[in-house]
K.L.:
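Here it is, the structure in full.
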Amino acid sequence: MGYVVKAPAIVGVPVHGSSDQFPVRRIFCVGRNYAAHAREMGHDPDREPPFFFSKPADAIVLCADPKNPTKIPYPPATKNLHHEMELVVAMKSGGADIAVDKALDHVFGYGCGLDMTRRDLQNQAKDMGRPWDMGKGFDNSAPIGVIYPASQIGHPAKGTIQLDVNGKTRQKSDLNALIWSIPETISYLSGLVTLAAGDLIYSGTPEGVAAVGKGDTLQGFVDGCGTVSVTYV
Ligand code: MN
C-alpha cells in the first residue's frame, strides 16, 4: 500500500560515536525551568508545576559543527527572534506515569539545542490568551547538535550550559540550577502524554535570553553534551 502524497521523511539527529541516527518522533519543551529566567520573564519561580509546549519534528536543524555554523534564514513575521539555550533529552523508550526513580532508564542520551522563539508573537499570544505555536513551533525553530549516548556520558545533573553570540557570552548557568530535574520533568510529562522512543525534550533555558539578528552567530555548549552553532542569514 502506498501513500497518496510523498510520505514525510523521518528527521534524524547524528549520534556521537555511531553512524546511525536518532529518529525524532516529537519535540516537547519545558517552559521556565531556571529560576532566574522565570524571574526575567516576570514570574515567581517557586516551583509552580512545570508546563510544556511542543514543536514539530521537522523544526529540527542540524547545527553540530562549531567551525562551520549552520546558516539559517532569519524567520518571517518577527522583529524579535530570541535564543533559548537548552539541554536536550533524547528518549529511547517511554510510557505513561513514569516514576521519578525510573525516568532515566528511558533516556537514550543528551544534546545541545536552541529553542528559538519569535518573542513578539509569543507575547502577543500570551496577551490574547491564544496558543504559542506560531511563536515557538515555526520552521527551523529547533537547532540541535549531536546526541551523546548516556552509555558514554552518563546522566548529567550538573555542568555549565552557555551560549555566546558573536563571541560574547549571553547565557551562562549550570544544569544544577534546573527547577525541575530531568527525571522529575520526564515523570511529570509522562503524566500528561505517553512518551515514546524518538521523543526529544528541550529542558528549559537559563537567564539571559535576548534578540538575535541577521549576521549573528550563536555558539552554545553544555558540558559533555557537545555544541550547537548557528549563523542567521
Ligand atoms: Mn525554552
Side-chain angles (χ1 to χ4, degrees), residues 9-30 33-34 50 55 57-70 83-95 98-115 142-164 169 171-190 195-206 218-230:
I10 300 275
V11 175
V13 179
V15 172
H16 185 253
S18 172
S19 56
D20 291 332
Q21 295 183 307
F22 180 87
V24 180
R25 181 173 186 250
R26 299 176 293 186
I27 304 173
F28 297 102
C29 304
V30 189
N33 208 8
Y34 290 81
K55 296 178 186 253
D58 63 3
I60 289 283
V61 190
L62 304 180
C63 300
D65 185 357
K67 294 197 190 76
N68 187 23
T70 303
H83 53 72
E84 296 193 358
M85 179 65 204
E86 311 204 356
L87 173 71
V88 181
V89 183
M91 304 298 290
K92 69 179 178 189
S93 56
I98 297 169
V100 172
D101 64 355
K102 298 278 186 253
L104 295 181
D105 298 346
H106 297 283
V107 174
F108 173 79
Y110 299 88
C112 283
L114 285 161
D115 164 18
I144 195 167
V146 171
I147 305 287
Y148 286 72
S151 60
Q152 297 171 18
I153 64 161
H155 296 279
K158 58 183 168 56
T160 301
I161 176 169
Q162 182 172 327
L163 180 76
D164 294 358
T169 300
Q171 294 189 265
K172 186 171 187 179
S173 187
D174 195 290
L175 298 179
N176 67 15
L178 281 167
I179 296 171
W180 298 93
S181 70
I182 300 304
E184 289 171 335
T185 297
I186 292 168
S187 177
Y188 200 97
L189 179 57
S190 75
L195 293 172
D199 288 342
L200 293 177
I201 303 170
Y202 280 58
S203 59
T205 196
L218 288 58
Q219 302 268 16
F221 73 90
V222 176
D223 272 348
C225 301
T227 61
V228 60
S229 302
V230 177

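Each residue takes its place number in the sequence, starting with 1.
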K.L.:
Less than 4.5 Å apart, side chain to side chain, heavy atoms only: is that true for V13 and L62?
P.N.:
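A side-chain contact under 4.5 Å exists here.
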K.L.:
Between S187 (side chain) and P183 (backbone), is there a donor-acceptor pair under 3.5 Å?
P.N.:
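No.
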K.L.:
Looking at every non-hydrogen atom in both residues, tell me the closest pair between P149 and V15 and how far apart they are.
P.N.:
CG-CG1, 3.7 Å
K.L.:
So M91 and I186, side chain to side chain contact (heavy atoms under 4.5 Å, CB included) or not? Walk me through it.
P.N.:
CA-CA 9 Å; M91 304 298 290; I186 292 168; 4.0 Å; yes
K.L.:
Any side-chain heavy-atom pair from I60 and L200 closer than 4.5 angstrom?
P.N.:
yes
K.L.:
Tell me the side-chain hydrogen bond (donor to acceptor under 3.5 Å, both in side chains) pairs involving residues 20-29, sequence neighbours left out?
P.N.:
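Applying side-chain hydrogen bond (donor to acceptor under 3.5 Å, both in side chains) to every pair that reaches into residues 20-29, excluding sequence neighbours, yields R26-D199.
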K.L.:
Would a 4.5 Å heavy-atom cut-off, applied to side chains only, mark V24 and I10 as touching?
P.N.:
no
K.L.:
Do Y34 and I161 have side chains that approach each other closer than 4.5 Å (heavy atoms only, starting at C-beta)?
P.N.:
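Touching, per the 4.5 Å side-chain cut-off.
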K.L.:
Is there side-chain contact between Y202 and I144, with at least one heavy-atom pair below 4.5 Å?
P.N.:
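Result yes, sub-4.5 Å side-chain heavy-atom pair found.
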K.L.:
Roughly how far, to the nearest 0.5 Å, is the OH atom of Y148 from the SG atom of C112?
P.N.:
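It is 8.0 Å, given to the nearest 0.5 Å.
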K.L.:
Over all heavy atoms of both residues, which pair between P206 and S173 is shortest? Give the atoms and the distance, please.
P.N.:
CB-CB, 3.4 Å
K.L.:
Specify the closest pair of heavy atoms between K67 and D65, including all atoms of both residues, with the distance to one decimal.
P.N.:
N-OD1, 2.9 Å
K.L.:
Below 4.5 Å, heavy atoms only, C-beta onward: do Q219 and P69 meet side chain to side chain?
P.N.:
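In contact.
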K.L.:
Check this for me, if you would: do D115 and K55 make a salt bridge, where the nitrogen-to-carboxylate-oxygen distance has to be below 4.0 angstrom?
P.N.:
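So D115 pairs with K55 through a salt bridge.
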K.L.:
Can you classify the ring geometry of W180 versus Y188 as parallel (below 30°), tilted (30 to 60°) or perpendicular (above 60°)?
P.N.:
tilted
K.L.:
Is the side chain of E86 donor-acceptor paired with the backbone N or O of G204 at a distance under 3.5 Å, no angle test?
P.N.:
yes
K.L.:
What is the minimum heavy-atom distance between V146 and H16, and which atoms define it?
P.N.:
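What the structure gives for the nearest pair is CG1-N, 3.2 Å.
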K.L.:
Has the side chain of T160 got a donor or acceptor atom that lies under 3.5 Å from a matching backbone atom of D223?
P.N.:
no
K.L.:
Within the 3.5 Å criterion, strictly below it, is a donor on T205 or Q171 matched to an acceptor on the partner's side chain?
P.N.:
yes
K.L.:
Roughly how far, to the nearest 0.5 Å, is OG of S203 from CD1 of I179?
P.N.:
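I179 CD1 to S203 OG: 11.5 Å, rounded to 0.5 Å.
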K.L.:
Take L218 and D164 through the test side chain to side chain contact (heavy atoms under 4.5 Å, CB included) and record every step on the way to the result.
P.N.:
CA-CA 6 Å; L218 288 58; D164 294 358; over 6 Å; no
K.L.:
Is there a donor-acceptor pair closer than 3.5 Å between any side-chain N or O of D174 and the backbone N or O of K158?
P.N.:
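Here the side-chain-to-backbone pair does not exist.
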K.L.:
Which residues satisfy the side chain to side chain contact (heavy atoms under 4.5 Å, CB included) test with D105, sequence neighbours excluded?
P.N.:
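Per chain and number, D105 pairs via side chain to side chain contact (heavy atoms under 4.5 Å, CB included) with K102.
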K.L.:
Any non-hydrogen side-chain atom of Y110 less than 4.5 Å from a side-chain atom of I153?
P.N.:
yes
K.L.:
Give the minimum heavy-atom separation between V230 and C63, together with the two atoms involved.
P.N.:
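Here V230 and C63 meet closest at CG2-SG, 3.7 Å.
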K.L.:
Check step by step if side chain to side chain contact (heavy atoms under 4.5 Å, CB included) holds for M85 and V228.
P.N.:
CA-CA 9 Å; M85 179 65 204; V228 60; 3.8 Å; yes
K.L.:
Hey, does I182 have a side-chain heavy atom less than 4.5 Å from the side chain of H155?
P.N.:
no
K.L.:
Would you find a donor on one side and an acceptor on the other, under 3.5 Å apart, between the side chain of S190 and the backbone of I98?
P.N.:
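Checking the backbone N and O of I98 against the side chain of S190, a donor-acceptor pair under 3.5 Å is found.
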K.L.:
Mind listing the closest non-hydrogen atom pair of C225 and L87 along with its distance?
P.N.:
SG-CD1, 3.9 Å
